[in-house]
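One structure is given below, encoded as structure tokens.
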Amino acid sequence: MTGTVDAHVHLSELPGDLLIPFAKKNGLRYTLRELLTFMGENGVEQGLLLSPPGAGGRPVPNTRIVDLCEKSSGRLHPVLTVEPTRAAVADAVGLARRLKRGVMGFKILLGYYEVFATASVYNQVYDYAESEGLPVLFHTGDTATSAGSLRHAHPLTLDPLANKRPDLKMVVCHFGNPWLADTAELLYKHQNVYADISGMFTIGAKYSQRYFESLAHQLSEAIYYVGSADKVLFGTDYPVETYSPALKLARSLRLPRGDERKVLGGNARRLFPL
Ligand SMILES: [Zn+2]
């Protein structure tokens, strides 16, 4: 398989989904049917599906994400979102055990709670992820709401966890935006730290085009600093980004064709049990 993998997709088809305004802004219907159509039209073979924030800002239940994946004819695969409570951790690990190879990893939402990635409440997730070789994805960088805690969402807060758990595969979502250089240092320093380039821009604002160009430049420079594109993953954060500009960003990175293909899918195929 050589097609593209989208390592960061959201969908719930529920009315309280807090990403609906992003979908509206992008002219999206934000449905499973639409998503699969766009994936097909853009050569995206596989997608990793993550809970969007739902009613009251709480992530949509993981069972909903698993249901949507089951309706996708094997094209979407669940990543289980874990809130920082003992009950949520036990639920997510229990669901992962039941689904076995169907689960691609876990997602932890830094910045949406005043809890660091090193909090002991997450230990059970990390132990399980390590034992199964599953990655843990971390929301990092800008938070979608003004009430978020940037101090807890900073990518460098992952350094102590990576020091303590060198065998845990970690993904820094959104490349830590706007802290791209800090994320590059994490990838350079830690063998098992990866980053996705999802959800890093929106369109339609005064400086959108300038920013898009700046982002392609900054990401290219960050990859040069790391010294390799082998741990960088394509993602859209659908419905935050649509496929056409998201793919344009990946193709605007000044990389050799072979590395571009790795970013678009090869790296995700190595990292996740797809
Ligand atoms: Zn996301």
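Counting starts at 1 for both ligands and their atoms, in listed order. Hydrogens, waters and symmetry mates are skipped; everything else that's a heavy atom, side chains included, is used.
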- [ ] Answer yes or no for His10: is there an N/O/S atom below the 2.8 Å cut-off from the Zn ion (ligand 1)?
- [x] yes
Open item on the list: Can you tell whether the side chains of Arg165 and Asp127 come within less than 4.0 Å, N to carboxylate O?
Closed with: yes
- [ ] Output the atom name for the N/O/S atom of Asp237 with the smallest distance to the Zn ion (ligand 1).
- [x] OD1
TODO: Considering only NZ, NE, NH1 and NH2 on the basic side and carboxylate oxygens on the acidic side, decide whether Lys262 and Asp259 come within less than 4.0 Å.
DONE: yes
Open item on the list: Using a distance threshold of 2.8 Å, state whether an N, O or S atom of His8 lies below it from the Zn ion (ligand 1).
Closed with: yes
- [ ] Return yes if some donor-acceptor pair links the side-chain N/O of Ser220 with the main-chain N/O of Leu253 below 3.5 Å, else return no.
- [x] no
TODO: Examine the side chains of Tyr238 and Glu34 and answer whether a donor and an acceptor come within less than 3.5 Å of each other.
DONE: yes
